[in-house]
2 protein chains.
Amino acid sequence: MENYKTSLDAAFHALSDPTRRAVINRLTKSPAPVKELAKPFDMGLPAFLKHLRVLEESGLIATEKTGRTRTCQVKIGRLAEAESWLCEQRALWQARTDRLADYVETQMSRDTENDG
Amino acid sequence: MENYKTSLDAAFHALSDPTRRAVINRLTKSPAPVKELAKPFDMGLPAFLKHLRVLEESGLIATEKTGRTRTCQVKIGRLAEAESWLCEQRALWQARTDRLADYVETQMSRDTENDG
DNA sequence: GTGAAAGTTCACCATATGGCAAACAAAATC
DNA sequence: GATTTTGTTTGCCATATGGTGAACTTTCAC
C-alpha cells in the first residue's frame, strides 16, 4: 500500500473509488459488519477487505472487532476535512471572481464618465 | 491512463495528489501558463504535464493554447460536485445522529416517568 | 466437539501511476 | 534565419492498485 503523506491525500484517494464511496454512503445511515457491507458488491471478500483497509487507513472509517464480526462506522472528521479543503478553494475562487466583477464594473463606469 | 467511470471518481482521484491540489489552489487565484504552474515543483515538465492532464480529464481545470503557451484555469463546477457529495454524506450522518439523540432523549424521559 | 459463519492471510496477476531522460515541434525574439 | 522559450511526445522504469483463488483462524450454534 502506498504511504500517503497527508490525510487529504489518503482521504481523497479513498474517495476516488465507487465501491468505497458506496460504503461511506451506507455507513452514514448506521454502523455495519463487514459481511453486510460487502453484500452489494460483485467481488470476493479479500478484495473488499482491501477497500475497507484503505478507508480505515485514510481515517474515514473506524472498525472494531467483537467476537467474530468486525463492525465499521464513519468517522465524520476526515470527511469534514476534505469538505473544508474544497470549500476553501471555492471561496478563494469566489473572492477572485468578485474582485474581477468589481474591476469590470469600475472600468465600465469610468468609460461612461469619459463618454458623458 | 485509467478510465474513471464517473466524474466523482476522476475528481477525487485528481485531488488525491498534493502536486495537483497545489495547482488547483494556485489556479483559484488566477489563470496561469504551464511553466509558471510547474515552477514550484521539483519534477520535470513531462511529469508535471501528466498531472495537468489528469486535472483536465477530471474536468477540474480547462486549458487553452494560444501561440506557444497553454493557459490553465479552474473549472469550479467539478470542485463543487465533489464538495456537494461530501456535504450530502455529512448531512445523512447528521440526520442519523440527530435521530439517535432524539431516541436517547425519549428513552431517558420514559425512564424518568418509570422512576417517578 | 462438529460444522457453519465471518474474517483474514497468502501468493499471484494485469494494469495504472508517477517519475525520468532524450528527442522533437512550434512560436517568439534577436 | 538562428536561437531561445515553451510545450509535447516517446520509451522506459519501479511501485501501487484492485482483483483472483486457496488455505487458515476464530467464534458461534447445534
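Within every chain, numbering begins at 1; the chains are lettered A, B, ... in the order of the sequence lines, protein sequences first and strands thereafter.
Taking atom CZ on B:Arg70 and atom P on C:dA27, their separation rounds to 12 Å, with Å as the unit. At whole-Å resolution of the value, CD in B:Glu64 and C1' in D:dG7 are 15 Å apart. Note: CG (B:Leu15) to P (C:dT17) measures 15 Å, nearest angstrom. What separates CZ of A:Phe48 from P of C:dT9 is a distance of 16 Å, to the nearest Å. In this structure, A:Arg20 places its CZ atom 9 Å from C1' of D:dG18, rounding to the nearest Å. At whole-Å resolution of the value, NE2 in B:His13 and P in D:dT17 are 11 Å apart. Between the CD atom of A:Glu56 and the P atom of C:dG7 there is a distance of 13 Å, rounded to whole Å. Look at CZ on B:Arg53: it is 8 Å from P on D:dT8, rounded to the nearest Å.
Between B:Ser58 and B:Ala10 the shortest heavy-atom distance is CB-O, 3.5 Å. When all heavy atoms of B:Arg26 and B:Ser30 are compared, the closest pair comes out as NH1-O, 2.9 Å.
Annotation: the span from B:Thr19 atom OG1 to B:Asp42 atom CG amounts to 10.0 Å, rounded to 0.5 Å.
Applying the side chain to side chain donor-acceptor pair (under 3.5 Å) test to residues at least two apart or on different chains, the pairs with a partner in residues 71-80 of chain B are B:Arg78-B:Glu81.
Taking every heavy atom of residues 28-47 of chain A and every atom of DNA chain C, pairs under 4.0 Å involve A:Pro33, A:Val34, A:Lys35, A:Leu45, A:Pro46, by number.
By the side-chain hydrogen bond (donor to acceptor under 3.5 Å, both in side chains) test, B:Asp98 is found to be paired with B:Gln94, residues two or more places apart in sequence or in another chain being considered. The side-chain contact (heavy atoms from CB on, under 4.5 Å) search around A:Glu88 returns A:Leu92, not counting sequence neighbours. Under the side-chain contact (heavy atoms from CB on, under 4.5 Å) criterion, B:Pro33 pairs with B:Glu36, not counting sequence neighbours. Every residue meeting the side-chain hydrogen bond (donor to acceptor under 3.5 Å, both in side chains) condition with A:Arg70, not counting sequence neighbours, appears here in chain and number order: A:Thr63. A:Lys29 meets the side-chain hydrogen bond (donor to acceptor under 3.5 Å, both in side chains) test with A:Asn25; sequence neighbours excluded. Partners of B:Arg90 under the salt bridge (Lys or Arg N to Asp or Glu O under 4.0 Å) rule, at least two apart in sequence or in another chain, are A:Glu83. Contacts of B:Arg21 classified as side-chain contact (heavy atoms from CB on, under 4.5 Å), with partners at least two apart in sequence or in another chain: A:Thr6, A:Leu8, A:Asp9, A:Phe12, A:Trp85, B:Leu15, B:Pro18.
Overall bending of the helix from C:dG1-D:dC30 to C:dC30-D:dG1, expressed as the angle between end axes built from five pairs apiece, is 20° (10° steps).
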Protein N or O to nucleotides 12-15 of chain C N or O, pairs below 3.5 Å:
none

Protein-nucleic acid N or O pairs under 3.5 Å, nucleotides 23-30 of chain D:
unit_1	atom_1	unit_2	atom_2	d
D:dT27	O2	A:Arg68	NH1	3.1

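The closest donor-acceptor contact from the side chain of A:Arg20 to the backbone of A:His51 lies at 3.5 Å or more, if one exists at all. A distance-only check finds no donor-acceptor pair linking the side chain of A:Thr69 to the backbone of A:Lys65 [under 3.5 Å].
Taking the side chain of B:Leu49 as heavy atoms from C-beta on, and the options D:dT9, C:dG7, C:dG19, the nearest nucleotide is D:dT9.
Results of the side-chain contact (heavy atoms from CB on, under 4.5 Å) test with B:Leu55 over B:Asp17, B:Leu37, B:Leu60 single out B:Leu60 as the only residue that passes.
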